[in-house]
Number of protein chains: 2
Amino acid sequence: MSVTTLHRPTHRDALEALSAAFERGDLVTVFGRCTVEYDGRAASSLGPGDRLLILKPDGTALVHTDEQRTPVNWQPPGSEHRVAVRDGRLRVRSERETPDERLDVRFEAVHQVSALPVTGGRAVDVHGSEEDLRQRVLEHPELVEPRFEPAATERETAAGPVDVFGHDSEGRPVVVELKRRRVGPDAAGQLGRYVEALEREVPDGADVRGVLVAPSVTDRARELLAEKGLEFVSLEPPAASENGAIRDPSTGSDAEDA
Amino acid sequence: MSVTTLHRPTHRDALEALSAAFERGDLVTVFGRCTVEYDGRAASSLGPGDRLLILKPDGTALVHTDEQRTPVNWQPPGSEHRVAVRDGRLRVRSERETPDERLDVRFEAVHQVSALPVTGGRAVDVHGSEEDLRQRVLEHPELVEPRFEPAATERETAAGPVDVFGHDSEGRPVVVELKRRRVGPDAAGQLGRYVEALEREVPDGADVRGVLVAPSVTDRARELLAEKGLEFVSLEPPAASENGAIRDPSTGSDAEDA
DNA sequence: CAGTAGATATCGCCT
DNA sequence: AGGCGATGTCTACTG
């Protein structure tokens, strides 16, 4: 099984190629002059131009121009692709429910259609995420402060789950919020909510400390932290080189799913 | 000028096709069996498999598998694409500075290479955004509450710009925060910051009211609003059908940039 | 299914 | 270049 490509096909031939590709579960690309209409969570319209349409067997649709990382229009996974010839144009419609939304791509000219059989792994191993930072804090709690003792991760509160919950050298409860990169005011607000929620939950109205752990903070975030009596500790996620090699091979295997 | 496609090219032929396509400013697709390494803001590794690589003339690189809307790896616009043959494989490297990051895609087999000359519009018209909701509030302030009088949009405060600032029937200052969809605790925090900032700025320590305008709120957000003495008004962005037709044609023209 | 928060978020605007 | 907030954010996870 191999790549199938048509150059400047008739709409009818393109339709048949697309139908067959959907049937096979291929990844499809269509390059041509088209207009695009979207209606759903919002609504949008895109005038004529040459674009690359990508149709995935999981129901994803992407319309790309020659600029930007973000597609100019799209449909999320779980949509259903259908193709038809209407008013002398090739119409590709991708539709889903919950939420109800629809993407219509109408080609007045198809320059190329390709059907690509995709196999192999799609599990990417990423390092330097917030989870890596959490690992670092759990293995070296003194990086937060001397004698800090982590007690739980993802501890549930009325305001949501706390990244790391523990106690300081004097036994006071400490809420740690982790961010993998420089943070703004939103993170200060988030930490503040957790601290307030825990102050209500802790039985003996003991003070709860809040510590934001991140590489750095903006000025406004620093002010907000100060207002709320929260603290900041500068710490970065471990670099990929420090981290990647020391991983449990049993969980780190490159799962290549079905 | 037209589409150029190579099937199962040698690495050398693929390299030349890619170099020529970069030179022309074409959009490029490469389908083949590859591994992918990324290092920059984070770091990642992806084992062998068939993927679709998209290279845009603006420096964007996208690696797509047969699943998900989000590329499995990517490089943002402004990167520089380079191609070479190394160790018997075709290596496409996309790199940028600030931040310093790099994507390497190494093909052991190239199934197809296409160079697509892209022309035409890329300006999409979206309706149902927060700006449309703001328009609705400015044209019909009574939808917020009777005799609400908007005074400014994007009014600057120490905590950032306020969506709509105005006064109620009794002359009290009102901060309106707009959200195009159902909101969670973060929006309540955002509105609270604006209200606090304005209470300090307003000369005669007058109370400042805060009103969140959105289609709906989560329970937790509702609690937070209540705690902070903030209010909620249910309002949606105008539907596309209501909105799109009544637009100033002088500004609403479908600009198709250079 | 809704709620919640992370992300190599991306993107645009403004200082 | 950095700060800040919107996005049709997307995505994973949890109840």
Side-chain angles (χ1 to χ4, degrees), chain A residues 38-44 60 62 67-78 96 98-103 124 126-131 133-134 154 156-157 159-163 177-187 190 193-194 216-221 237 240, chain B residues 38-44 60-63 67-79 96-103 124 126-134 154 156-157 159-163 177-187 190 193-194 216-222 237 240:
Chain A
Y38 160 75
D39 193 31
R41 287 168 291 173
S44 76
T60 303
L62 307 168
E67 288 186 347
Q68 300 284 68
R69 191 258 192 198
T70 304
V72 67
N73 276 115
W74 69 92
Q75 196 72 350
R96 71 165 180 171
T98 63
D100 193 12
E101 53 185 356
R102 179 165 74 183
L103 182 75
V124 64
V126 180
H127 311 287
S129 62
E130 183 181 300
E131 187 181 326
L133 179 56
R134 184 177 66 196
E154 302 297 317
E156 280 300 333
T157 73
V162 165
D163 284 340
E177 173 64 27
L178 305 169
K179 294 294 172 188
R180 65 173 298 278
R181 53 174 228 174
R182 182 174 176 85
V183 298
D186 52 338
Q190 192 183 348
R193 294 202 299 276
Y194 295 151
S216 58
V217 292
T218 67
D219 286 349
R220 204 170 274 168
Chain B
Y38 160 75
D39 193 30
R41 288 167 291 175
S44 76
T60 302
L62 307 169
V63 181
E67 286 186 348
Q68 298 285 71
R69 201 219 93 139
T70 305
V72 67
N73 276 116
W74 70 90
Q75 196 73 349
S79 307
R96 70 167 181 170
E97 304 168 4
T98 62
D100 194 11
E101 53 186 356
R102 179 166 73 182
L103 182 74
V124 66
V126 180
H127 310 288
S129 62
E130 183 180 300
E131 188 182 326
D132 293 312
L133 180 57
R134 184 177 65 194
E154 303 297 318
E156 280 300 334
T157 74
V162 164
D163 284 340
E177 173 63 28
L178 305 170
K179 294 293 174 187
R180 66 173 298 280
R181 53 175 223 173
R182 183 174 175 85
V183 297
D186 52 339
Q190 192 183 346
R193 294 201 299 276
Y194 294 152
S216 58
V217 292
T218 67
D219 285 349
R220 199 111 84 192
R222 191 180 292 277

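Proteins come first, then strands; the chains are lettered A, B, ... in the order of their sequence lines, and each starts at number 1.
- In this structure, Arg181(A) has no salt bridge (charged side-chain N to carboxylate O under 4.0 Å, His left out) partners at least two apart in sequence or on a different chain.
- With sequence neighbours excluded, the residues that form a side-chain contact (heavy atoms from CB on, under 4.5 Å) with Thr218(A) are Arg182(A), Pro185(A), Arg220(A), Ala221(A).
- Judged as a salt bridge (charged side-chain N to carboxylate O under 4.0 Å, His left out), and not counting sequence neighbours, Arg180(B) has no contacts.
- Residues from residues 96-103 of chain B with heavy atoms under 4.0 angstrom of DNA chain D, sorted by number: Thr98(B).
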Does the pair Arg102(B) and Asp39(B) meet the rule for a side-chain contact (heavy atoms from CB on, under 4.5 Å), with working shown?
CA-CA 5 Å; Arg102(B) 179 166 73 182; Asp39(B) 193 30; 5.5 Å; no
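- Using a 4.0 Å heavy-atom cutoff across all strands shown, Glu154(B) reaches no nucleic acid atom at all.
- Remark: Arg222(B) pairs with Val217(B), Phe232(B) by the side-chain contact (heavy atoms from CB on, under 4.5 Å) rule, at least two apart or across chains.
- Heavy atoms of Ala159(B) sit under 4.0 angstrom from primed sugar atoms or phosphate atoms, though from no base atom.
- Of the candidate nucleotides dT4(C), dT8(C), dG6(C), dT8(C) has the atom nearest to the side chain of Arg180(A).
- Taking atom P on both nucleotides, dT4(C) is separated from dT8(C) by 23 Å, rounded to a whole Å.
- Judged by atom type and distance alone, Asp39(B) does not reach the base of dT8(C) through any side-chain donor-acceptor pair under 3.5 Å.
- Here, dT11(D) and dT7(D) have their C1' atoms 14 Å apart, quoted to the whole Å.
- Partners of Asp163(A) by side chain to side chain donor-acceptor pair (under 3.5 Å), not counting sequence neighbours: none found.
- A nucleotide of DNA chain D counts as in contact with chain B when one of its atoms lies under 4.0 Å from a heavy atom; the first and last such, 5' to 3', are dA1(D) to dA12(D).
- Between Thr218(B) and dA2(C), a side-chain N or O to OP1/OP2 separation shorter than 4.0 Å is absent.
- We find that CD of Glu130(A) is positioned 11 Å from P of dA5(C), with the value rounded to whole Å.
- Ser79(B) pairs by the side chain to side chain donor-acceptor pair (under 3.5 Å) definition with nothing, not counting sequence neighbours.
- Scored by the salt bridge (charged side-chain N to carboxylate O under 4.0 Å, His left out) test, Glu130(B) finds no partners at all (sequence neighbours excluded).
- The CG-P distance, from Leu62(A) to dT10(C), rounds to 16 Å in whole Å.
- Residue Asn73(B) is in base contact, counting any heavy-atom pair closer than 4.0 Å across all strands shown.
- Residues forming a salt bridge (charged side-chain N to carboxylate O under 4.0 Å, His left out) with Arg134(B) (at least two apart in sequence, or on another chain): Glu154(B).
- With sequence neighbours excluded, the residues forming a side-chain contact (heavy atoms from CB on, under 4.5 Å) with Ala159(A) are Thr157(A), Arg193(A), Tyr194(A), Ala197(A), listed by chain and number.
- Atom-to-atom, CD of Glu131(A) to C1' of dA7(C) comes out at 13 Å; the value is rounded to the nearest Å.
- A close approach under 4.0 Å does occur between a side-chain nitrogen or oxygen of Trp74(B) and OP1 or OP2 of dT10(C).
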N/O to N/O distances under 3.5 Å, protein versus nucleotides 11-15 of chain C:
| from | atom 1 | to | atom 2 | distance (Å) |
| --- | --- | --- | --- | --- |
| dC11(C) | OP1 | Arg69(A) | N | 2.8 |
| dC11(C) | OP1 | Thr70(A) | N | 2.9 |
| dC11(C) | OP1 | Thr70(A) | OG1 | 3.2 |
| dC11(C) | O3' | Gln68(A) | NE2 | 3.4 |
| dG12(C) | OP1 | Gln68(A) | NE2 | 3.3 |

